[in-house]
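Start at 1 and go down the list; that is how both ligands and their atoms are numbered.
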Amino acid sequence: MRHIKFIVPALVLLLVLSAFVWQRPKQIQYNPDPIEKRVDSLLALMTLEEKIGQMTLYTTDWGSTGPTIREGYTEDIRKGRCGALFNSHTVQFTRELQRIAVEETRLKIPLMFGYDVIHGYKTIFPIPLGEAASWDMEAIEKSARIAAAEAAAAGLHWTFAPMVDVSRDPRWGRVMEGAGEDTWLGCRIAEARVRGFQGKGIGNTDAVLACVKHFAAYGAPIGGREYNTVDMSERYFREYYLPPYAAAVKAGAATVMTSFNDYDGVPASGNRYLLTDILRKELGFRGFVVTDYTSMNEMVTHGVVVNEKEAGELSLHAGVDMDMQGAIYQRFLGQSVKDGKASVAEIDESVRRILRLKFALGLFENPYKFCDEAREKRVVFSAENRDAARDVARKSVVLLKNDKNALPLAKSANIAVIGPLADNKADLIGNWSGAGDGNACVSLLEGIKKVCLGEVTFTEGCEVEGTTRGGFLRAIENAKKADVIVVAIGEKAMMSGEAAARAEIGLPGVQEEMVKGLAALGKPVVVVLMNGRPLAIPDLDKRATAIVEAWWLGTETGNALADILFGDYNPSGKLPMTFPQSVGQVPIFYNEKNTGRPFDPNSKWTGKYIDMPNAPLYPFGYGLSYTTFEYSDPKPNKTAFKKGEPIRISVTVRNSGKRAGEEVAQLYVRDLVGSVTRPVRELKGFRKIMLNPGEAKTVEFILNDEDLSFYRRDMSFGSEPGDFEIMVGGNSMDTKKVRVTVL
Ligand code: GLC
């Protein structure tokens with residue numbers, strides 16, 4: 001009995017400790033070690049053809065995301081000629097295909113099913129550029145988490161996301177798919193998305209393999225033209241484009257997809273420096289690499305190989321494990337081995353990487369593990385998921401202008417809703433919208449009608465594209481009878497995304513002209529912009545009373561926008577990408593360098609245009625609120641620091657307005673003198689804080705040595721002593737600063 005007094009407390013302590021252990025950070029890496037023996041024993045049974053089959057990925061005819069479609073994939077499965085399929089989803093379809101693999105092939109190796117679940121499977125969330133505008137990592141992770149749960153419930157094992165390509169060029173259509181222009185924000189968002197997709201770990205039936213794409217630097221095509229050449233120094237690449245891929249790999253991403261472009265003259269799908277030296281040796285990536293859609297075949301067109309067989313050999317030696325849709329490995333790798341141009345050892349290594357993940361998914365124990373109709377019915381497009389989509393959508397909206405406090409609208413107002421995107425549903429899910437159904441969306445008009453107690457009229461007024469002006473008159477007539485005009489204009493969903501670069505990035509058609517006519521009535525004109533890229537809209541900015549950037553918000557568009565327009569949610573979004581005054585300023589980005597002749601209005605001989613200001617229309621990090629915020633001067637814990645010593649910066653943010661609201665306080669750093677030229681500011685931290693009217697909060701940022709580090713003149717990565725400016729504010733241009741010294 002004497003011991004009892006020790007045993008009980010010990011047990012309690014054990015329980016408490018186990019709770020902490022159990023709650024340890026999400027395990028998002030898979031540990032292949034226990035699987036190794038099973039992989040090796042299976043590999044030993046496989047013929048060369050069966051091995052090459054595992055390295056082959058084909059699309060079904062359920063979707064077309066590239067230039068070729070494939071028939072006869074069931075025969076490919078039956079003959080062991082492919083180990084994975086994409087554009088294949090729903091429990092019913094994947095079960096049917098899986099049955100062929102596990103019942104009709106010699107070794108019964110289960111298939112892996114992939115799909116482009118980029119911003120939702122069935123419940124569609126804002127396009128990734130829109131989500132990035134939320135600066136809310138929890139919201140972004142939750143969005144990916146729900147997308148993964150729905151995808152996994154629909155029989156999928158693998159999503160071709162996150163796309164983490166940094167881009168400083170809004171002409172490029174795929175900016176809609178990424179996290180915008182900034183490297184540091186791009187890293188945080190890449191991590192959040194990988195965590196969301198892979199959840200508590202690979203093998204859970206609410207998680208899917210992430211696929212970091214497109215490796216690498218695909219977001220920097222010359223001229224912003226899709227699929228164009230990428231040409232940049234290694235320093236530029238490592239400083240601005242590489243980090244988000246590295247962050248995603250570090251976060252445990254299971255797979256990587258190559259990009260279409262060349263890097264340093266070698267197409268990524270055959271670039272050993274990228275795929276082996278950097279990705280595997282430097283970053284320690286242990287998953288598998290898949291090409292993009294026939295990107296291996298396109299190396300012939302690039303002109304770096306004579307034929308497709310050579311392309312396969314170049315890709316295998318570079319480190320490509322799986323050939324998407326090109327059927328090169330399938331058709332030529334066996335011959336390459338016979339010719340001594342490829343080794344079985346290389347092939348075995350690729351097959352191991354693929355089989356490890358199939359084992360990690362649990363597909364050998366139960367190939368139908370992800371084929372549960374009841375779960376599919378319960379999880380996919382649930383009310384709970386749609387509520388979450390509405391919340392993420394609200395957080396993604398950026399208030400760009402709000403003169404005379406035109407917003408929020410009174411619910412009693414008589415509103416003339418005008419524009420081609422007001423009653424539109426199909427476009428609201430944007431591009432890369434998976435199995436989303438536009439018709440299931442809540443339109444802006446529906447959202448307004450649900451909340452507004454006044455009279456709501458609607459007329460389209462004009463189309464997104466085209467020169468038809470016949471609807472202008474009706475629009476003007478409706479507007480005359482209303483207290484306020486809400487105009488929904490922008491792009492078509494397919495005007496951004498893949499193969500959708502635009503040389504002009506203004507409003508298409510006669511939309512701007514229509515707004516000009518409406519603005520002449522002298523009533524408040526609230527513009528709701530729906531678009532997949534930053535637009536050059538200086539005239540619209542002059543004419544509109546208020547502008548709300550709504551991107552493509554997905555299934556719950558109308559409800560989320562009504563929450564914003566009528567003030568049930570105070571907008572808190574901040575731009576993840578600069579909006580230029582003109583496409584002529586592109587590439588334009590916040591973290592530019594000083595140059596030797598920075599702009600000086602009093603001197604002719606300085607960096608400028610003679611026909612346009614340098615300044616953007618709206619800068620990176622910009623976004624308004626229905627309230628206002630004031631910043632104190634940033635205060636460092638001291639002014640001189642030893643190298644590597646953390647720099648603590650505190651700043652007090654006060655809500656100086658009359659409504660509660662969230663502010664994204666941003667921290668920027670400038671290294672005043674470096675062994676190479678350094679940007680005039682770089683984002684190195686932010687805090688999204690909720691403040692009630694009059695409330696003030698002091699937030700502390702901690703800068704560590706890595707935050708001050710860069711690729712120095714000798715290309716070593718590290719910080720250098722010297723003076724630094726630390727800036728804090730509500731956007732990249734409007735900041736307060738303090739200087740500190742690193743000794
Ligand atoms: C496309 C895209 C890529 C996508 C793949 C499969 O060409 O570049 O992002 O994942 O094909 O659909």
Closest approach of any protein heavy atom to atom 1 (C) of ligand 1, naming residue and atom: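 Here the closest protein heavy atom is Glu498 OE1, 3.2 Å.
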
Minimum-distance protein heavy atom relative to atom 6 (C) of ligand 1: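 Result: Asp116 OD2, 3.4 Å.
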
Give the numbers and elements of all ligand 1 atoms closer than 4.0 Å to a heavy atom of [X].
{"X": "Lys213", "value": "3 (C), 4 (C), 9 (O), 10 (O)"}
{"X": "Thr65", "value": "1 (C), 6 (C), 7 (O), 11 (O), 12 (O)"}
{"X": "Tyr293", "value": "7 (O), 11 (O)"}
{"X": "Phe160", "value": "6 (C), 10 (O)"}
{"X": "Phe86", "value": "6 (C), 12 (O)"}

Validation row, ring centre Phe113 to ring centre Trp62 under 6.0 Å: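 Between Trp62 and Phe113, which both carry aromatic rings, the centre distance is not below 6.0 Å.
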
Tyr115/Phe160 aromatic ring centres below 6.0 Å: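 Between Phe160 and Tyr115, which both carry aromatic rings, the centre distance is not below 6.0 Å.
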
From Ile505, Leu535, Ile588, Asp169, residue fulfilling side chain to side chain contact (heavy atoms under 4.5 Å, CB included) relative to Val583: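 Result: among Ile505, Leu535, Ile588, Asp169, Ile505 is the only option passing the side chain to side chain contact (heavy atoms under 4.5 Å, CB included) with Val583.
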
Partner of Ile146 by side chain to side chain contact (heavy atoms under 4.5 Å, CB included), out of Asn385, Asp206, Val379: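 With Ile146 as partner, Asn385, Asp206, Val379 yield a single side chain to side chain contact (heavy atoms under 4.5 Å, CB included), made by Asn385.
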
Nitrogen or oxygen atoms of Asn87 and ligand 1 under 3.5 Å apart: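 So ligand 1 has no N or O lying under 3.5 Å from an N or O of Asn87.
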
Sub-3.5 Å N/O-N/O distance, Tyr218 and ligand 1: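 Checking ligand 1 against Tyr218, no N or O pair falls under 3.5 Å apart.
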
Pick one of side chain, backbone, both or neither for how [X] approaches ligand 1, counting any non-hydrogen atom pair under 4.0 Å.
{"X": "Met257", "value": "side chain"}
{"X": "Asp292", "value": "side chain"}
{"X": "Arg174", "value": "side chain"}

Test item, Phe260 contacting ligand 1 (heavy atom, 4.0 angstrom):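 Contact check Phe260 vs ligand 1: positive.
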
Distance-only side-chain donor-acceptor flag, Glu346 / Ser350, under 3.5 Å: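 Side-chain D/A pair, Glu346 to Ser350: absent.
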
Polar contact flag, side-chain donor to acceptor under 3.5 angstrom, Ser269-Thr258: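 Side chains of Ser269 and Thr258: pair found under 3.5 Å.
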
Backbone N/O of Ala154 and side chain of Thr90: donor-acceptor pair under 3.5 Å: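 No, the answer is negative, given that no donor and acceptor are paired below the 3.5 Å cut-off.
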
Side chain to side chain donor-acceptor pair (under 3.5 Å) evaluation trace for Tyr218 with Arg174: CA-CA 9 Å; Tyr218 176 35; Arg174 298 194 80 164; 3.0 Å; yes

With Phe620, the ring pair (Phe, Tyr, Trp, His ring centres under 6.0 Å) member among Trp184, Phe579, Trp135: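 Exactly one candidate clears the test, Trp135.
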
